[in-house]
Amino acid sequence: MGVLAWIMSLAYRIVFQCPNGHNINLEKKCGKASLSESEALKLFGSEELSCPYANCGWRGKASEAKLRRILPFNWILAPAT
């Protein structure tokens, strides 16, 4: 019986707010131990976002949305079998 190896990477959940006030979550891996608002916008500002609320319909770049929160977490990847 083999041992299952898990791979962990540092990642961030960045919460943006669309112009209509809805939260949009973006999760990305990033090797930095900490991330400031300006660094987050440099790294992820060109990401395309879509508001998850069906009645809103906002779409645009992350740099056009308001940055609400930066939450670090460990991204755990199971090995491919």
Side-chain angles (χ1 to χ4, degrees):
M1 181 182 283
V3 175
L4 189 60
W6 296 91
I7 300 169
M8 288 184 13
S9 297
L10 184 59
Y12 290 91
R13 174 178 293 130
I14 298 113
V15 181
F16 291 95
Q17 186 179 55
C18 81
N20 298 316
H22 305 119
N23 288 340
I24 303 168
N25 293 310
L26 176 66
E27 293 181 350
K28 289 285 186 176
K29 287 188 245 178
C30 179
K32 293 182 154 261
S34 65
L35 197 60
S36 69
E37 287 186 22
S38 60
E39 290 172 321
L41 286 174
K42 283 181 190 174
L43 291 170
F44 309 118
S46 62
E47 293 284 332
E48 290 288 333
L49 300 178
S50 297
C51 184
Y53 292 87
N55 293 335
C56 179
W58 181 84
R59 298 175 67 90
K61 295 206 178 280
S63 60
E64 299 168 0
K66 182 179 180 181
L67 181 62
R68 300 283 301 183
R69 278 180 223 101
I70 301 170
L71 306 164
F73 69 97
N74 287 320
W75 192 303
I76 301 172
L77 303 172
T81 55

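Heavy-atom basis, side chains included; hydrogens, waters and symmetry copies ignored.
- Distance NZ/K42 to CD/E37: 13.0 Å, rounded to 0.5 Å.
- The closest side-chain heavy-atom distance from C30 to L43 is below 4.5 Å.
- Atoms CG and NZ, from N23 and K66 in turn, are 10.5 Å apart once rounded to the nearest 0.5 Å.
- In terms of heavy-atom proximity, Y12 sits nearest to K32 at OH-O, 2.8 Å.
- Residues that satisfy the salt bridge (Lys or Arg N to Asp or Glu O under 4.0 Å) test with K61, not counting sequence neighbours, are E48.
- We find the CZ-CG distance between R59 and L49 to be 10.0 Å, quoted to the nearest 0.5 Å.
- Taking CD1 of I70 as the reference point, atom OG of S36 lies at 6.5 Å (rounded to 0.5 Å).
- A ring-ring contact (aromatic ring centres under 6.0 Å, His included) check over residues 28-57, counting only residues at least two apart or in different chains, returns the pairs H22-Y53.
- The CG atom of N25 lies 11.5 Å from the CZ atom of R68; values are rounded to the nearest 0.5 Å.
- Counting heavy-atom neighbours within 6.0 Å of E27 CD, excluding the residue itself, gives a total above 12.
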Exercise for review: Dump the intermediate steps for side-chain contact (heavy atoms from CB on, under 4.5 Å) on I24 and V15, then the final yes or no.
Suggested key: CA-CA 6 Å; I24 303 168; V15 181; over 6 Å; no
